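Structure, as structure tokens:
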Amino acid sequence: MKYTISYRIKFYLCPRNQHPKQCFIIRIKAHKDQMVLQEKLTTHIKKATSDIYGVSPESVEFQATRKEFEGDITVVVFPMLKVIKGNPVQIGESIGTYLTEKVDEVSGYNVVKGFLNLVLSDSYFLEFFSNISNFSSYGIESTGTEAMMVEYASPNTNKPLHLGHMRNILLGYSVAEILKAAGKKVYKTQIINDRGIHICKSMLAWKRYGNGETPDSSGIKGDKLVGNYYVKFDKVYKEEIEELKSQGKPEEEAKATAPSLMEAQEMLRKWEAGDPDTVGLWKTMNGWVYDGFDKTYTSMGVDFDSYYYESDTYLLGKDNIEEGLAKGVFYRKEDGSVWCDLTEEGLDEKIVLRSDGTAVYMTQDIGTAIQRVKDHPDINGMIYTVGNEQEYHFKVLFLILKKLGFSWAKNLYHLSYGMVDLPSGKMKSREGTVVDADDLIEEMSKTAKDISEELGKIEEFSEDEKKELYHTIGMGALKYYILKVDPRKGILFNPKESVDFQGNTGPFIQYTYARIQSILRKATSLDEGSFENISLHPKEKELLKQLMIFPETIQAAASNYSPALIANYTYDLVKEFNSFYQNVTILGAESPSEKNFRVQLSNAVAEVIKSAFSMLGINVPERM
RNA sequence: GGCCCCGUAGUUCAAUGGAUAGAAUAAGAGUUUCCUAAACUUUAGAUGCAGGUUCGAUUCCUGCCGGGGCUACCA
């Protein structure tokens with residue numbers, strides 16, 4: 001049987017960076033109760049129009065009733081005009097009358113222009129509420145067999161993580177959690193760019209100027225320490241270029257022949273040849289970096305199921321190129337280089353193997369993707385969390401993998417996001433304008449501390465508890481701030497004023513959770529009696545409606561790869577709850593059953609907040 | 001030049017082709033004998049421009065203007 005679609009959301013999914021022709025339609029799984037209701041309404045509406053007008057529409061469009069009108073669900077009459085000739089208001093009236101008579105759940109209606117607003121009975125809402133036994137798992141699907149791999153973070157090992165990485169990490173982690181909640185099996189991974197000229201630069205500078213300095217000896221975090229030597233190299237290198245230029249060499253030549261660079265390149269050759277000293281130092285210094293990264297990841301509350309290192313994967317892909325040549329996916333030019341012709345797809349030709357037989361970045365990515373599926377045979381798709389400057393690269397990569405005939409290649413997605421810029425412009429590590437991740441986390445914590453101390457609500461906390469709370473709130477503010485924005489949009493980050501703790505913010509939502517916990521602590525003896533006969537306050541009804549759409553919001557966030565949908569949903573829920581809280585007494589309710597209901601309702605809201613926030617990687621405090 | 005993304009209150013963000021474009025913040029006015037005022041209530045304020053499709057366009061199409069990105073035998 002066909003019926004369209006869900007309570008509020010009809011999603012046509014079209015990933016932003018894919019051609020419209022590749023768009024596909026996803027049907028959102030609405031909550032069972034809603035589906036049953038809409039199916040029921042649709043059947044009756046068809047029957048009604050068929051009885052009255054002799055024809056019925058193929059489908060019926062529903063949407064949430066706007067706040068300023070009375071009603072809970074709205075039937076849009078306009079689309080029916082295609083098959084039913086007549087005045088939309090009259091059609092609405094006749095359907096409304098019919099539904100009120102025939103359908104138990106519909107207790108009234110009104111028609112505004114072409115919108116038929118249906119009022120649903122309190123018992124319908126109460127039944128929905130009673131049927132959910134456990135709000136902590138409400139809306140969350142059990143894990144299916146289809147596995148997705150989500151790649152995120154993927155840093156270079158020559159510098160510490162900064163705000164740009166943080167957006168990547170928060171996005172990737174959150175999308176992975178959302179997919180899990182939507183019923184996917186998920187592998188989180190990253191690819192670490194641990195080899196190449198950049199790390200040799202740090203190694204060289206450390207050898208020359210380091211005097212054996214280590215993270216232990218200096219107390220400097222490993223990634224920072226290595227980063228410092230990368231900067232040191234750059235400084236020396238620039239001096240050498242100036243020196244050469246002053247000797248009359250052209251800039252190009254100076255850049256290419258500066259002694260430090262030549263030496264770093266020599267080091268890279270030694271590394272590739274497996275020179276024990278070079279490889280040893282490389283391992284040591286990368287080890288420092290990983291220790292540093294791990295601290296930052298832990299502090300951010302993110303994790304990975306596996307790691308891929310470029311030092312292991314950079315030779316992958318060549319075999320696949322050979323296979324592709326045999327299949328005719330690629331072709332060889334006269335000079336021996338291998339290419340893929342993508343002109344039919346509206347793109348260019350793309351090189352996949354140099355004329356000297358060495359790999360390019362694309363070669364490696366092809367090989368790594370294939371390797372990942374070998375490592376995890378249940379993978380049926382992959383998500384790459386990478387900035388939007390690499391859109392072209394991934395478009396090409398996905399096309400090539402499709403051409404090579406892999407079944408999973410149709411489920412590849414580039415989770416592309418906009419750059420984080422500062423008021424002064426782009427972040428540039430060499431110009432020292434980057435916002436360092438660790439510093440930012442520290443600063444957020446500090447702000448949370450200042451505000452908490454000013455409010456003075458947690459004086460009985462131990463020092464450890466306070467510290468943990470400041471971190472929870474500070475990270476809540478930062479993560480929410482970044483995740484509530486549509487991923488593809490750029491973020492302008494003003495370190496001085498950007499992250500707020502009031503209004504549409506993480507702490508506001510955390511605060512609401514803490515407030516509810518306070519109520520629950522006080523509501524000690526609850527009678528477990530039913531609340532079937534209570535009549536709902538308008539604010540209660542609004543809350544129930546918002547709770548109803550949580551399951552489909554999770555699905556929508558998953559199909560759109562958008563944590564922003566979860567963030568916005570949670571904010572709406574919380575805003576609604578605070579209004580309820582301020583206008584309706586919970587513990588002071590007149591009857592025990594009303595009190596019981598309101599406490600249960602508050603608890604449900606808290607559980608959904610917790611669950612939604614966990615998908616954003618944000619913790620919630622019991623008190624604040 | 002070609003291709004892609006983005007232009008919504010002063011600012012930061014919303015809005016499945018649907019109703020009078022929602023919030024937050026900044027500005028103005030209120031609310032604590034009462035469950036945590038990081039809150040609530042309330043007043044003002046916006047779709048870059050020009051066409052088109054549609055009963056209906058912030059949303060889809062075309063052109064223009066403005067911002068960003070990509071366009072290497074680099075990663």
Side-chain angles (χ1 to χ4, degrees), chain A residues 5-6 8-12 16-17 20 28 61 63-69 74 76-79 81-82 88 112-115 117 156 193 196-198 310 333 335-339 346-348 351-356 358 360-362 364 387-393 395 416 418-419 421 426 448 451-452 454-455 457-458 473 477 481 484-486 488-492 494 497-498 500-512 514-523 556 564-565 567-568 571-572 575 578-589 598-599 602 623-624:
Chain A
I5 278 185
S6 73
R8 184 170 106 174
I9 305 170
K10 183 174 66 179
F11 272 94
Y12 293 85
R16 317 292 180 191
N17 57 352
I28 301 303
E61 190 176 325
Q63 72 183 48
T65 305
R66 288 181 70 104
K67 285 259 171 60
E68 60 266 37
F69 301 105
T74 295
V76 188
V77 180
F78 295 111
L81 299 178
K82 282 178 188 132
V112 181
K113 296 183 182 171
F115 298 92
N117 302 317
N156 288 354
N193 187 359
I197 191 72
H198 62 84
E310 273 201 25
K333 286 194 178 174
D335 61 5
S337 57
V338 179
W339 296 73
L347 303 174
D348 263 332
I351 190 158
V352 291
L353 211 56
R354 291 193 184 101
S355 49
D356 62 3
T358 54
V360 290
Y361 197 58
M362 188 62 73
Q364 198 184 125
N388 62 10
E389 75 253 330
Q390 292 201 39
E391 276 175 7
Y392 184 77
H393 174 80
K395 212 179 264 185
S416 166
M419 296 289 110
D421 290 330
K426 281 178 162 287
I451 293 173
S452 297
E454 200 179 315
L455 294 173
K457 292 180 186 177
I458 51 154
I473 297 174
Y481 175 80
K484 75 172 182 185
V485 183
D486 185 332
R488 76 195 132 134
K489 287 194 176 172
I491 289 184
L492 185 72
N494 188 335
E497 58 186 55
S498 263
D500 240 320
F501 286 67
Q502 268 154 21
N504 186 358
T505 66
F508 166 61
I509 292 167
Q510 291 171 319
Y511 171 71
T512 305
R515 241 183 178 183
I516 296 174
Q517 296 314 306
S518 172
I519 288 178
L520 297 178
R521 281 192 295 272
K522 285 176 180 154
L565 292 180
N568 290 330
Y571 177 69
D572 288 342
K575 183 128 184 65
N578 275 307
S579 179
F580 164 71
Y581 177 92
Q582 209 81 238
N583 289 290
V584 181
T585 176
I586 297 168
L587 297 177
R598 286 175 190 169
V599 171
S602 304
R623 299 167 203 263
M624 69 185 271

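Note that the coordinates shown come from a computational prediction; the quantities given were computed from them, not determined experimentally. Here is how names work: the chains are called A, B, and so on, in the same order as the sequence lines, proteins then strands, and each is numbered from 1.
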- Query: How far apart are the C-alpha atoms of A:L587 and A:V599, what are their side-chain angles, what is the distance that settles it, and do they pass the side chain to side chain contact (heavy atoms under 4.5 Å, CB included) test?
  - Reply: CA-CA 7 Å; A:L587 297 177; A:V599 171; 4.0 Å; yes

Counting the atoms with a prime plus P, OP1 and OP2 as sugar-phosphate, which does [X] contact under 4.0 Å by heavy atoms, base, sugar-phosphate, or nothing?
X	result
A:V77	nothing
A:L81	nothing
A:S452	base
A:Y571	sugar-phosphate
A:A514	base
A:L347	nothing
A:P79	base
A:F508	sugar-phosphate

Within this structure, what is the [atom1]-to-[atom2] distance between [X] and [N], rounded to whole angstrom?
X	N	atom1	atom2	value
A:N568	B:A24	CG	P	13 Å
A:D572	B:A24	CG	P	11 Å
A:K67	B:U20	NZ	P	18 Å
A:I509	B:A23	CD1	P	16 Å
A:F501	B:A24	CZ	C1'	15 Å
A:I519	B:C34	CD1	C1'	12 Å
A:L492	B:U11	CG	P	12 Å
A:R598	B:C35	CZ	C1'	12 Å

Side chain of [X] only, heavy atoms from C-beta on: which candidate in [options] is closest?
X	options	answer
A:Q502	B:A75, B:A19, B:U25	B:U25
A:S518	B:U36, B:C40, B:A19	B:U36
A:R66	B:A75, B:C40, B:G22	B:G22
A:Q582	B:G18, B:C40, B:U12	B:C40
A:Y581	B:U16, B:U25, B:C35	B:C35
A:L565	B:A19, B:A15, B:U25	B:A15
A:F69	B:A37, B:U20, B:U16	B:U20
A:E310	B:C55, B:A75, B:A24	B:A75

- Can you name the closest pair of heavy atoms from A:V77 and A:P88 and give their distance?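 Between these two residues, the closest heavy atoms are CG1-O, 3.7 Å.
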
In whole Å, measure the gap between the [atom1] atoms of [N] and [M] for me.
N	M	atom1	value
B:C49	B:A39	P	34 Å
B:U12	B:U42	C1'	22 Å
B:U20	B:C4	P	34 Å
B:A15	B:A46	C1'	13 Å
B:U59	B:U8	C1'	12 Å
B:C5	B:A21	P	28 Å
B:C13	B:G7	C1'	14 Å
B:U11	B:G52	C1'	34 Å

- Pick the nucleotide of RNA chain B nearest each of A:K333 and A:R623; which residue has the one closer to the 5' end?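 This one resolves to A:R623.
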
- Item | First of A:K575 and A:Y511 reached from the 5' end of RNA chain B, by closest nucleotide |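 Here A:K575 is the residue nearer the 5' end.
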
- Query: Any side-chain heavy-atom pair from A:D500 and A:Y481 closer than 4.5 angstrom?
  - Reply: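 Heavy-atom side-chain distance check fails, nothing below 4.5 Å.
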
- Distance-only donor-acceptor test, A:S579 side-chain atoms vs B:A39 base atoms, 3.5 Å: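 No, the side chain and the base share no sub-3.5 Å donor-acceptor pair.
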
- Message: The test is side chain to side chain contact (heavy atoms under 4.5 Å, CB included); show your working for A:V360 and A:L353 and say whether it passes.
- Response: CA-CA 6 Å; A:V360 290; A:L353 211 56; over 6 Å; no

- Query: Would you call A:F115 stacked on B:A19, i.e. ring centres under 5.5 Å apart with the planes less than 30° off parallel?
  - Reply: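 Answer is yes, a stack.
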
- Message: Determine whether the aromatic ring of A:F78 stacks with the base of B:G56, defined as ring centroids separated by less than 5.5 Å and ring planes inclined by less than 30°.
- Response: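 It does not: the ring fails the test against the base of B:G56.
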
- Applying salt bridge (Lys or Arg N to Asp or Glu O under 4.0 Å), name anything that partners A:E68, two or more places apart in sequence or on another chain.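 Once residues adjacent in sequence are excluded, the partners of A:E68 under the salt bridge (Lys or Arg N to Asp or Glu O under 4.0 Å) criterion are A:R66.
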
- Task: Give each stem of RNA chain B as a range with a range, requiring at least 3 consecutive Watson-Crick or G-U wobble pairs whose two distances are under 3.5 Å.
- Result: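 Looking at RNA chain B, the stems formed by three or more consecutive pairs are B:1-7 with B:65-71, B:10-13 with B:22-25, B:27-31 with B:39-43, B:48-52 with B:60-64.
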
As an exercise, state the distance from [atom1] of [X] to [atom2] of [Y], rounded to the nearest 0.5 Å.
X	Y	atom1	atom2	value
A:F508	A:Y571	CZ	OH	5.5 Å
A:Q63	A:T65	CD	OG1	7.5 Å
A:M419	A:N388	CE	CG	5.0 Å

- Query: Looking at the angle O4'-C1'-N9-C4 for a purine or O4'-C1'-N1-C2 for a pyrimidine, is B:U16 syn or anti, with syn meaning within 90° of 0?
  - Reply: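 Anti, which is what one calls it when the glycosidic angle falls more than 90° from 0.
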
All N/O contacts under 3.5 Å from nucleotides 65-72 of chain B to the protein, with atom names and distances to one decimal?
none

- Task: Quick one: sort the A:Y361 and A:H393 rings into parallel, tilted or perpendicular, breaks at 30° and 60°.
- Result: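 Correct class here is tilted.
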
- Short side-chain to backbone donor-acceptor contact, A:S337 and A:K333, under 3.5 Å: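 Looks like no, no N/O pair under 3.5 Å.
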
- Message: If the cut-off is 4.0 Å, is A:K484 near the phosphate of B:U12, judged by side-chain N/O to OP1 or OP2?
- Response: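 Checking B:U12 against A:K484, no side-chain N or O comes under 4.0 Å of OP1 or OP2.
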
